[in-house]
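Working notes for the structure below.
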Amino acid sequence: MASMLPIVYWADPVQSAAVFTPVIAFLLAVQYNSLISVLAYSALLLLVLVGVCNVYVYTMVVLLKKLPDEPSSDPLYKVYGADLTIPAEDVVKISNCTTDIVNSGLTELKRLFFCENIKFGISLYCLTYIGSWFNLLTVIILAWTGLFTLPKVYINHQAAIDDVVISVKTVLDGLKDKISALVPVTTAEDKKEE
């Protein structure tokens, strides 16, 4: 997670753009086209880029002799040497972690659905309105854009944002106190005494 912070804060704009742009392009493409079409066109684009690089190397090395005849002349030289194998230990770690996440998630869902929790019901009802306004993919696109935008905006305007957050928090605390004064809150101890 710590390695993502410089990318999200745009410390190196080229690296941040290299992470942000392909993901947002993929999400926008899937928004308007089927996933199969997007994957097929992406693979075709990758194949064309590799072909163009091969033509470039052939032209520059063999025909024009402007580059030396060595592997480092190829722009994709580093990609050819990349190790794409996944060690078995990593697969075991990921599967153990995934199993823990799924089990805790299922336990939490069981607790939420089978316990009398009115807040969870209200949250689900509110999600129906959000779902009628937005597609899930739209929410993902907004979240991805916000992940790369909001931290930089906060860093650039930290004092002004902190002032606004403090004033909003003060107003919300005052509103909460007024609501608490109007609505009596019953605790579990009060119910036992009755």
Side-chain angles (χ1 to χ4, degrees), residues 1-49 93-180 182-183 185:
M1 186 65 172
S3 63
M4 279 297 290
L5 289 179
I7 294 172
V8 171
Y9 288 132
W10 294 82
D12 180 12
V14 173
Q15 188 178 16
S16 295
V19 172
F20 176 76
T21 305
V23 174
I24 198 72
F26 174 78
L27 291 173
L28 289 172
V30 171
Q31 178 81 20
Y32 298 106
N33 300 304
S34 72
L35 181 62
I36 294 172
S37 296
V38 171
L39 292 177
Y41 281 118
S42 299
L44 189 60
L45 178 65
L46 186 63
L47 186 64
V48 167
L49 287 175
K93 287 179 188 176
I94 290 171
S95 65
N96 288 339
C97 181
T98 304
T99 304
D100 292 341
I101 291 171
V102 168
N103 286 338
S104 64
L106 290 174
T107 303
E108 184 66 18
L109 283 175
K110 180 180 173 184
R111 185 189 68 77
L112 288 172
F113 277 107
F114 294 124
C115 294
E116 296 175 7
N117 191 345
I118 191 70
K119 289 181 184 177
F120 181 63
I122 292 171
S123 299
L124 289 177
Y125 186 72
C126 291
L127 280 177
T128 62
Y129 280 105
I130 293 171
S132 69
W133 297 332
F134 298 111
N135 180 335
L136 176 63
L137 200 52
T138 304
V139 173
I140 292 171
I141 291 170
L142 291 173
W144 184 254
T145 306
L147 177 69
F148 279 84
T149 306
L150 296 179
K152 190 65 174 178
V153 169
Y154 179 73
I155 287 173
N156 290 344
H157 307 287
Q158 187 171 1
I161 292 172
D162 287 344
D163 291 340
V164 170
V165 168
I166 289 170
S167 65
V168 168
K169 186 176 179 186
T170 304
V171 169
L172 289 177
D173 288 341
L175 184 62
K176 181 180 173 185
D177 292 340
K178 289 178 183 177
I179 291 173
S180 297
L182 292 175
V183 178
V185 178

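Heavy atoms only: backbone and side chains are in, while hydrogens, waters and symmetry mates are out.
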Q: Please assess Leu35 against Phe26 for the test side-chain contact (heavy atoms from CB on, under 4.5 Å), listing each intermediate value before the final yes or no.
A: CA-CA 9 Å; Leu35 181 62; Phe26 174 78; 3.7 Å; yes
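- The two residues Gly146 and Pro151 make their nearest non-hydrogen contact at O-CD, 3.6 Å.
- To the nearest 0.5 Å, atoms CD1 (Ile94) and OG1 (Thr99) are separated by 11.5 Å.
- Closest non-hydrogen pair, Lys152 versus Tyr9, comes out as CD-O, 3.6 Å.
- Between Leu109 atom CG and Phe114 atom CZ the span is 10.0 Å, to the nearest 0.5 Å.
- Contact of the Val19 side chain with the Phe148 side chain is registered, since non-hydrogen atoms from C-beta on lie closer than 4.5 Å.
- Tyr125 has its side chain within reach of Thr128: a pair of non-hydrogen atoms, C-beta onward, lies under 4.5 Å apart.
- Atoms CG and NZ, from Asp162 and Lys169 in turn, are 11.5 Å apart once rounded to the nearest 0.5 Å.
- Residue Ile36 places its CD1 atom among 12 or fewer non-hydrogen atoms of other residues, nucleotides or ligands, all under 6.0 Å distant.
- A distance of 4.5 Å separates CG in Leu28 from CD1 in Ile141, rounded to the nearest 0.5 Å.
- Note on ring orientation: taking the six-membered ring where Trp is involved, the planes of Trp144 and Phe20 are parallel (angle under 30°, cut-offs 30° and 60°).
- Here CG of Leu175 is found 12.5 Å from OG1 of Thr170. Values are rounded to the nearest 0.5 Å.
- Without hydrogens or angle criteria, Ser104 side chain to Ile101 main chain gives a donor-acceptor distance under 3.5 Å.
- In this structure a side-chain-to-backbone donor-acceptor pair under 3.5 Å is present from Ser167 to Val164.
- Between Leu147 and Val8, the closest heavy-atom pair is O-CG1, 2.9 Å.
- Proximity of Leu124 to Phe113: side-chain heavy atoms (C-beta onward) are separated by under 4.5 Å at one or more points.
- How far NZ of Lys93 is from OG1 of Thr98: 13.5 Å, rounded to the nearest 0.5 Å.
- Summarising the geometry of Ala17 relative to Pro22, their closest heavy-atom pair is O-CD, 3.8 Å, with the distance given to 0.1 Å.
- Sorted by first then second residue, the salt bridge (charged side-chain N to carboxylate O under 4.0 Å, His left out) pairs that include residues 96-109, not counting sequence neighbours, are Glu108-Arg111.
- Within 6.0 Å of OH in Tyr41 there are 12 or fewer heavy atoms belonging to other residues, nucleotides or ligands.
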